[in-house]
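Everything below concerns the one structure shown next.
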Number of protein chains: 2
Amino acid sequence: MASDDGATPRLGVLDELVGYHMRRASAVIATDFSRATAGTGMRQVLFGVLSIIEANPGINQGAVGRALGIQRANMVSLVNELDERGLIARRTASDDRRAFSLTLTPAGQRILADSLARLRQHEDDVLSNLSGTERATLILLLSRIEARSN
Amino acid sequence: MASDDGATPRLGVLDELVGYHMRRASAVIATDFSRATAGTGMRQVLFGVLSIIEANPGINQGAVGRALGIQRANMVSLVNELDERGLIARRTASDDRRAFSLTLTPAGQRILADSLARLRQHEDDVLSNLSGTERATLILLLSRIEARSN
DNA sequence: TATTGTTATACTCTATAACTATA
DNA sequence: TATAGTTATAGAGTATAACAATA
């Protein structure tokens with residue numbers, strides 16, 4: 001009789017590691033993101049890019065990548081996709097002919113707003129185990145870890 | 001003059017979403033995992049599998065996958081890799097000839113213990129922004145989210 | 001020389017469908 | 001019929017190196 005005959009096997013040393021729990025909780029939220037935006041073609045990365053562009057109109061793609069931890073090379077296809085879908089506009093930057101100046105199109109603003117509404121509702125649901133204070137604490141603690149990205 | 005001329009562009013709506021911060025903090029920790037285990041061939045998934053097997057000797061790979069949220073199909077190459085590297089042993093389960101009974105080899109126990117030591121040290125470092133209580137709170141809150149994986 | 005965007009490439013992770021052998 | 005393991009495959013995400021145009 002194997003030791004996993006109960007419903008849930010033991011986690012072992014995994015259970016003490018913040019990294020493990022981060023990974024699993026992050027996966028739960030990513031799955032929920034997919035559910036929330038199903039059928040819209042939205043993805044976590046794309047939402048991030050759109051949000052940065054909305055908050056910083058005229059930003060170039062290198063800066064977007066740096067803000068989100070995405071490599072220059074990988075930004076190319078993302079920006080292409082958003083452009084082809086008519087969600088962003090790119091114009092050669094007036095002050096630097098190497099760079100593109102990115103802005104949201106009306107369609108881009110709409111899909112960002114729509115996704116945000118869906119995500120807020122879904123996060124309220126997935127995080128219903130947490131009080132408002134706990135949720136704020138969670139964001140605070142995660143931000144402190146993010147600050148360690150050197 | 002674009003609005004991103006300052007050092008850090010604004011995050012926009014992203015900043016309110018738990019999902020975003022989870023993603024970024026998770027990435028910081030994953031990068032740190034790689035640093036901690038550099039040169040050992042250890043990866044987050046493999047560490048997870050080894051930990052589950054250690055805590056549940058004789059478990060089969062389907063149950064390992066269920067515990068970690070890994071699909072059956074994707075368990076195959078992971079288990080193959082661990083077997084080929086001599087870190088686990090698989091024997092046909094005595095009570096079910098379809099299944100493999102998995103256990104750690106001495107080498108598997110060693111690499112798990114070694115990785116754990118490295119990871120503890122690294123987590124202490126990446127999480128040095130957090131007090132012991134805060135760290136415990138973080139794990140608690142993450143666990144509550146994990147529980148929502150339905 | 002350094003930086004912006006680009007191409008090419010490769011590896012990991014993840015997801016699905018279909019198969020086999022056992023139960 | 002259902003389950004354990006397997007194969008094949010495809011799509012994301014991520015990482016590196018090298019190039020052209022511009023600064």
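Note: hydrogens, waters and symmetry copies are ignored here, and every other heavy atom, side chains too, is used. Here is how names work: the chains are called A, B, and so on, in the same order as the sequence lines, proteins then strands, and each is numbered from 1.
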Worksheet entry | Salt bridge flag under 4.0 Å for residues D124(A) and R120(A) | no
Response to the item:
From CZ of R43(A) across to C1' of dG11(D) the rounded distance in Å is 10 Å
Fill in: Backbone of E134(A) reached by a side-chain donor or acceptor of S131(A) within 3.5 Å
yes
Worksheet item: Is there a donor N/O on one and an acceptor N/O on the other, under 3.5 Å, for the side chain of R97(B) and the base of dT22(C)?
Response: no
Response to the item:
Here the distance between atom C1' of dA21(D) and atom CZ of R72(A), to the nearest Å, is 15 Å
Fill in: N60(A) CG to R72(A) CZ distance, which is reported to the nearest 0.5 Å
11.5 Å
Worksheet item: With a non-hydrogen cut-off below 4.0 angstrom, is A73(A) in contact with a base, only sugar-phosphate, or nothing?
Response: base
Practice prompt. Could you tell me the separation between the CE atom of M75(A) and the P atom of dT14(D), rounded to a whole number of Å?
Written response: 12 Å
Worksheet item: Given that N74(A) and R66(A) both sit by DNA chain C, which one's nearest nucleotide is further toward the 5' end?
Response: R66(A)
Fill in: Comparing Q61(B) and V45(A) on DNA chain D - which has the more 5′ nearest nucleotide
Q61(B)
Worksheet entry | Euclidean distance, atom CG of residue D83(A) to atom C1' of dT6(C) [Å, nearest integer] | 15 Å
Worksheet item: For R110(B), does its backbone N or O pair with a side-chain atom of D114(B) as donor and acceptor, under 3.5 Å?
Response: no
Practice prompt. Respond yes when some side-chain nitrogen or oxygen of Q71(B) is under 4.0 Å from OP1 or OP2 of dA15(C), and no when none is.
Written response: yes
Item to complete: Write down the distance between CE (M42(B)) and C1' (dT12(C)), rounded to a whole number of angstrom.
Response: 16 Å
Item to complete: Measure the distance from CG on L78(B) to P on dT12(C) and round it to the nearest whole Å.
Response: 11 Å
Worksheet item: Among the nucleotides dA23(D), dG5(C), dA23(C), which one has an atom lying closest to any side-chain atom of D96(B)?
Response: dA23(C)
Worksheet item: Rounded to the nearest Å, what distance is computed from the CG atom of residue L102(B) to the C1' atom of nucleotide dA4(D)?
Response: 11 Å
Practice prompt. Scan T103(A), L50(A), V49(A) and name whichever one has a side-chain contact (heavy atoms from CB on, under 4.5 Å) with I88(A).
Written response: L50(A)
Fill in: Atom-pair distance (CZ on F100(A); C1' on dA21(D)), nearest Å
11 Å
